[in-house]
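Right, one structure below, let's go through it.
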Number of protein chains: 2
Amino acid sequence: MARQKSEQVRQALLEAAQKLFVEKGYIATTIGSIARAAGTSQSNVYVYFTSKFEIAFAVFDPWLRSKVLDLEARVEAQDTPEARLRALIDGLIHGIAADRSGQTLTLVQALATAKAGDEYSPDLLLWTMSRIHQMIGTALPGSDPTEREALTHSLMLAFDGIALRQNLRRSEIEDSLSVDALYMMVQAIIRRDAGE
Amino acid sequence: MARQKSEQVRQALLEAAQKLFVEKGYIATTIGSIARAAGTSQSNVYVYFTSKFEIAFAVFDPWLRSKVLDLEARVEAQDTPEARLRALIDGLIHGIAADRSGQTLTLVQALATAKAGDEYSPDLLLWTMSRIHQMIGTALPGSDPTEREALTHSLMLAFDGIALRQNLRRSEIEDSLSVDALYMMVQAIIRRDAGE
DNA sequence: TTCTATTAAAGAATGGCATTCGCTTAAATG
DNA sequence: CATTTAAGCGAATGCCATTCTTTAATAGAA
């Protein structure tokens, strides 16, 4: 009974947005530039998305999911529990939170500037946490469930910390020091569990 | 040879800014509203500060310093090393990073929206780190310096993580779980050191 | 005290941006 | 084909940080 939204236009918008967000960050990217890069008009963007914030999430969501799935594969490919744990922490912190492509910067900026109506479902965060929880399970097979839970939370916390620091505080602190520290703490727990 | 800047006007601007930042957040607070609340004109604000970003830092800096000094006093007031450590972690995470007054939200928003010219000295961050490092020294007197360094970094990382989460991710995750997890990890290190 | 250079102070632009409005027109449906 | 719905578009709208321009207060020289 009426004209339909074009999946092509939507995809073009998402691709243009992703490219520009990575290039210039969320804040410096304008709706007009996204529209121009996608070959449509500024106002037409709002036929496909209700806000700039929503676009940021639509871009970030699949990116993070694929990164987490990649990480999962890499963790499982390791032979020893210790190697798995190393791969998990390294991948999570260096590969995702501190990713060079600037996707997390986009998210942090979008969250920081979110207005009253800008909401998002917690699905992505919860999904990510559950995946990490599971990865810890494969890395530390015999571990106490409570402890596994605690590790998951600590890793998520570190993830957020790195994301904030990498993107907003830039070069003030050597991040590798923080990652080493984190790894040391996890090691301490493992060694304790092993009764060493 | 000329008219002088009034310290009163400057103070009135800072107080108005602090009040408004806490009330509405950094982004929703306009220069105009700060000027109005301080009883001066919008343009006159730029005689005292070069940017909105600079105002945010001028407000946040003394607030954080006084919070850290308070924490220091509270940590030193504890009798046992264990109580000192508890007080440090609790105060840092609950009392400052997740503070209810919204000062850290202001900082996070200011950092997230900072433009090219918006720069700030790392003094405050470095000062805070050195204080935490020292507090860890009093909490764990006999500890290895390298380990103390690592703990400092971990705490700063957790601080950033909580700041980001508290302010941007709102209520999705139970923060107390993260704090408990962190404390558990620190405990693991301590027990290991104690040879338990 | 008077004059003058300096600059605080104020109001009026400026420029940029997300979002909305009103109109036009493509296309799905009967 | 006629009708109707909504995609698409150009032109607002409203908001805001920052700058420009002008006025007037005042510290210091005369």
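First the proteins, then the strands, lettered A, B, ... as listed; each starts at 1.
- Residue A:Thr30 has its side chain nearest to C:dC17 when only C:dA9, C:dA27, C:dC17 are considered.
- In this structure, the separation between CG on A:Asp123 and CG on A:Asp61 is 8.5 Å, given to the nearest 0.5 Å.
- Other residues, nucleotides and ligands place more than 12 heavy atoms under 6.0 Å from the CZ atom of A:Arg65.
- For A:Lys115 and C:dT19, the shortest distance from a side-chain N or O to OP1 or OP2 is below 4.0 Å.
- The CZ atom of A:Arg3 sits 5 Å away from the P atom of C:dA27 (whole-angstrom rounding).
- Counting only residues at least two apart or on different chains, the salt bridge (Lys or Arg N to Asp or Glu O under 4.0 Å) pairs with a member in residues 130-140 of chain A are A:Glu72-A:Arg131.
- Using a 4.0 Å heavy-atom cutoff across all strands shown, A:Thr113 reaches no nucleic acid atom at all.
- The OH-P distance, from B:Tyr26 to D:dA17, rounds to 8 Å in whole Å.
- The environment of A:Gln11 atom CD is dense: over 12 non-hydrogen atoms of other residues, nucleotides or ligands sit within 6.0 angstrom.
- Applying the side chain to side chain donor-acceptor pair (under 3.5 Å) test to pairs two or more places apart or on separate chains, those with a residue in residues 14-28 of chain A are A:Lys19-A:Glu23.
- In the set D:dG8, C:dT6, C:dA18, the nucleotide with an atom closest to the side chain of B:Ala2 is C:dT6.
- With 3.5 Å as the limit, one finds no donor-acceptor pair spanning the side chains of B:Ser143 and B:Glu147.
- Using a 4.0 Å cut-off on heavy atoms, the residues of residues 31-57 of chain A that approach DNA chain C are A:Ile31, A:Gln42, A:Ser43, A:Tyr46, A:Ser51, A:Lys52, listed by number.
- To the nearest angstrom, P of C:dA9 lies 11 Å from CD of B:Gln8.
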